[in-house]
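The block underneath contains the structure these notes are about, expressed in structure tokens.
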Amino acid sequence: MPDPCSFSGKGWRILVDLDPQTIMVLITGLVAAGLFAGLLAGLLGVGGGIVLVPVLFELFRVIGVDDAVRMHCAVGTSLATIIATSIASIRAHRKRDSVDLTIVRRWAPWVAVWAVVGGVVGRFMSADMLTAFFAGLAILVALHMALAPAHKVLRQGVPGPVGSAGIGSTIGVISSLMGIGGGTLSVPTMVMCAVPAKVAVGTSSAIGLVIAIFGASSFAVNGFGAAGLPPLSIGYVNLVGFALIVPLTMLAAPWGARLAHALPTQRLKQVFSLFLAIVAVRMILSLMQGS
């Protein structure tokens, strides 16, 4: 039985032989990503994964992680960190009574099941396929954030059991495969169902916790014993990245929650959408250059 936390001797040598400048790049990147992801989790209800996945993808490249598992590890590790981020964000939003538990109970079972399915599907996707999937959807998310009118309402109230099953399943599988907390999908969906924006953000944090728990568990199990994993990984979840990022995301998530209740967020969404589009295009260009 392979040790899920083991790594090849070559991989450990790469980690040990990193020069001081590279180590500083890694530390700075993880600190900045952790703080930014936590802030966004509280501010926009997006779980932070939309930032963490591309950052981890690049940082794993710097330390020489095998290209075949680099994107899988970025997604799995991101999902694991969102567990802590979501808890911090939920606490902050619950204090402001902005978590709708009725919606959570209606969507959560479907989100959980399909987040697990996402981990299974991800196991059989090549690194390039998973990267292209993330980059393509990230561009769509960026366009929606930048161009969609704020507070557009299509119906009054979230759909019943059948509609909620469809919504929860879609959010669960896509979010799991992207390594995100689902806020980029669940927040606009709730807003279009006449849920107040601040409540949608708070409720999305709770949905993100469900995605993160079941998605990260699925990626950990499905990556068990995979070749080329970074040091100290359980399947596709890297414990080093998790341990370094989580304290920072938990620190910054309440800051974002306070800002969400104090500032208009439309302009911030547009700025973030530009950042996301640039990251996604860079990933696509990387794929094209490697083909």
Under the side-chain contact (heavy atoms from CB on, under 4.5 Å) test, residues paired with Met125 that sit two or more places apart: Val121, Met129, Leu130, Phe133, Leu177
Contact check, side chains of Cys193 and Gln156, non-hydrogen atoms, under 4.5 Å: no
Under 3.5 Å donor-acceptor, Ser98 side chain and Gly202 backbone: no
Thr203: side-chain hydrogen bond (donor to acceptor under 3.5 Å, both in side chains) partners, not counting sequence neighbours: none
Side chains of Thr189 and Val191 in contact at under 4.5 Å (non-hydrogen atoms): no
Side-chain heavy atoms of Ile284 within contact of Ile139, under 4.5 Å: yes
Rounded distance [0.5 Å steps], CD1 in Ile174 versus CG in Leu185: 5.5 Å
Val53 to Gly179 - nearest heavy-atom pair and separation: CG2-O, 3.8 Å
Qualifying residues under side-chain hydrogen bond (donor to acceptor under 3.5 Å, both in side chains), relative to Asp100, sequence neighbours excluded: none
Shared hydrophobic cluster for Ile213 and Val221 (ILVMFWY, side-chain gaps under 4.5 Å): no
Shortest non-hydrogen contact from Ala227 toward Val69: O-CG1, 3.5 Å
Side-chain H-bond candidate by donor/acceptor type, Ser86 with Ser205, under 3.5 Å: no
Heavy-atom pair with the smallest gap, counting every atom of Ala68 and Ala127: O-CB, 3.7 Å
Gap between atom CE of Met178 and atom CG of Leu137 - 0.5 Å precision: 5.0 Å
Short side-chain to backbone donor-acceptor contact, Thr77 and Ala74, under 3.5 Å: no
Nearest-0.5 Å distance, CD1 of residue Ile82 to CZ of residue Phe242: 11.0 Å
Side-chain touch Ile87/Arg91, heavy atoms, less than 4.5 angstrom: yes
Side chain proximity check, Cys73 to Phe219, heavy atoms < 4.5 angstrom: no
Closest heavy-atom pair and its distance - Pro230, Val65: CB-CG2, 3.8 Å
OG on Ser175 to CD1 on Ile180, rounded to 0.5 Å: 4.5 Å
Within residues 219-229 or reaching into it, pairs that qualify as side-chain hydrogen bond (donor to acceptor under 3.5 Å, both in side chains) - sequence neighbours excluded: Ser218-Asn222
Non-neighbouring partners of Val113 that pass side-chain contact (heavy atoms from CB on, under 4.5 Å), sequence neighbours left out: none
Pair listing, ring-ring contact (aromatic ring centres under 6.0 Å, His included) test, anchored in residues 59-83, at least two apart: His72-Tyr236
For Phe124, the rest of its hydrophobic cluster, which grows through side-chain links under 4.5 angstrom: Val120
Heavy-atom check, side chain of Phe134 versus side chain of Pro54, under 4.5 Å: yes
CD1-OG distance between Ile211 and Ser176, expressed to the nearest 0.5 angstrom: 8.5 Å
Any Val199 side-chain heavy atom under 4.5 Å of Val99 side chain: no
N/O donor-acceptor pairs under 3.5 Å from side chains in residues 161-171, not counting sequence neighbours:
| unit_1 | atom_1 | unit_2 | atom_2 | d |
| --- | --- | --- | --- | --- |
| Ser164 | OG | Trp107 | NE1 | 3.3 |
| Ser164 | OG | Pro159 | O | 2.9 |
| Ser164 | OG | Gly160 | O | 3.0 |
| Ser169 | OG | Trp114 | NE1 | 3.2 |
| Ser169 | OG | Ala165 | O | 2.7 |
| Thr170 | OG1 | Gly166 | O | 2.9 |

Any residue meeting salt bridge (charged side-chain N to carboxylate O under 4.0 Å, His left out) with Arg61, in chain and number order, not counting sequence neighbours: Glu58
Contacts of Thr131 that satisfy side-chain contact (heavy atoms from CB on, under 4.5 Å) - sequence neighbours left out: Phe57, Met71, Met283, Leu287
Nearest heavy-atom neighbours spanning Val111 and Val210: CG1-CG1, 3.9 Å
Nearest heavy atoms of Ser78 and Leu52, plus distance in Å: OG-CB, 3.9 Å
Apart from Val237 itself, residues in the same hydrophobic cluster as defined by side-chain heavy atoms under 4.5 Å: none
Partner set under side-chain contact (heavy atoms from CB on, under 4.5 Å) for Leu59, not counting sequence neighbours: Leu26, Leu30, Val55
Separation of Arg70 CZ from Asp67 CG (nearest 0.5 Å): 4.5 Å
